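All of these numbers come straight from a predicted model, not from anything done at the bench.
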Amino acid sequence: EPKILFRNGFPAGGAPGNNGPIDAFIYKNGKKRYLLFYKKDDNSHMPNLYRRIGKTPEGTWGKEFGPVKPSTGDEGPSVLKIGKSYCMFTDPFESDSAYVFVSKNLKHWQRKTTDLKMSHGTVIEISRETAMELLKYGNSMNSSSNDSKENSETKDGVIAPKPVFRDPIYDGAADTVVIWNPLTSK
């Protein structure tokens, strides 16, 4: 059953001054350590990114660390580790390209601009084999062909209609989250 995992003592949402967490991302950092990254607006009219540590993905969550600096109104954090560095991809207010904040210790961050064009995209680690399949699939979709059916199907079947998920209440698909529970296989 769905439940709220973290509230920060305030209502959720992105309204200036409500301190409510929004755009949360949980990163597994070891066997029993989880990092919760989120955005909040502390009435500065410049949302900032923060993090907390927990022993399970359900919390409870420890004290707040942050904000991540330099901030430019970044939101939608998505984190993975490349080598010894944590890489947090964000959707900044001031740019059409994603930023990546890089840190070796989760305290000091260096911001870099990327060439990724995404809005609140989730960055995940995949195998080389999966990447090659996706690239092959992408190339087949971009190839020129007079047969439109060939461009609308994969070798295994029909491409899913877009968006894959649509919120029936608010008629939108922004900031969707998919969670897989290996215990229940749902």
Enumerate donor-acceptor pairs with a distance under 3.5 Å from any side-chain N or O in residues 100-111 to protein atoms, sequence neighbours excluded.
residue	atom	partner	partner atom	Å
S103	OG	N105	N	3.1
S103	OG	N105	OD1	3.1
S103	OG	L106	N	2.7
S103	OG	H108	O	2.9
N105	OD1	K107	N	2.8
N105	OD1	H108	N	3.0
N105	ND2	H108	ND1	3.2
W109	NE1	L106	O	3.4

Should L116 and F89 be marked as a side-chain contact (heavy atoms from CB on, under 4.5 Å) after you check the CA-CA gap, both sets of side-chain angles, and the distance that decides it? CA-CA 10 Å; L116 295 172; F89 293 82; 3.8 Å; yes
Report the C-alpha distance between L36 and F25 in whole Å, list the side-chain angles of each, state the deciding distance to 0.1 Å, and finish with yes or no for side-chain contact (heavy atoms from CB on, under 4.5 Å). CA-CA 6 Å; L36 171 69; F25 183 90; over 6 Å; no
List in chain and number order the residues that pass side chain to side chain contact (heavy atoms under 4.5 Å, CB included) with T60, two or more places apart in sequence or in another chain; answer none if no residue qualifies.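 Once residues adjacent in sequence are excluded, T60 has no partner under the side chain to side chain contact (heavy atoms under 4.5 Å, CB included) criterion.
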Name the atoms and distances for all side-chain donor-acceptor pairs under 3.5 Å in residues 26-35, with sequence neighbours left out.
residue	atom	partner	partner atom	Å
N29	OD1	Y86	OH	3.1
N29	ND2	Y86	OH	2.9

Is there side-chain contact between D23 and P77, with heavy atoms separated by less than 4.5 Å?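 Counting from C-beta outward, D23 and P77 do come under 4.5 Å.
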Quick one: do F65 and F37 end up in the same hydrophobic cluster if we chain Ile, Leu, Val, Met, Phe, Trp and Tyr together by side-chain heavy atoms under 4.5 Å apart?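 Yes, F65 and F37 fall within the same hydrophobic cluster.
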Side-chain heavy atoms nearer than 4.5 Å, only ILVMFWY residues, links allowed to pass through others: does that put L80 and Y99 together?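 Different hydrophobic clusters.
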Please report the shortest heavy-atom distance between A98 and P92, naming the atom on each side.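 Looks like CA-CD, 4.1 Å.
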Could you work out, with ring pair (Phe, Tyr, Trp, His ring centres under 6.0 Å) as the rule, every residue matching Y38, not counting sequence neighbours?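 With neighbours one apart ignored, the set is F6.
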Just grab all the salt bridge (charged side-chain N to carboxylate O under 4.0 Å, His left out) pairs involving residues 63-81, residues at least two apart or on different chains.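 Listed once each, the pairs are K39-E75, K40-E64, R52-E64.
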Residues forming a side chain to side chain donor-acceptor pair (under 3.5 Å) with S95, sequence neighbours excluded: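 Side chain to side chain donor-acceptor pair (under 3.5 Å) check on S95 returns nothing, list empty.
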Can you name the residues that form a side chain to side chain donor-acceptor pair (under 3.5 Å) with T113, not counting sequence neighbours?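 With sequence neighbours excluded, T113 shows a side chain to side chain donor-acceptor pair (under 3.5 Å) to no residue whatsoever.
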What's the separation between atom SG in C87 and atom CD1 in I82, rounded to the nearest 0.5 Å?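 Nearest 0.5 Å value for the SG-CD1 distance: 4.0 Å.
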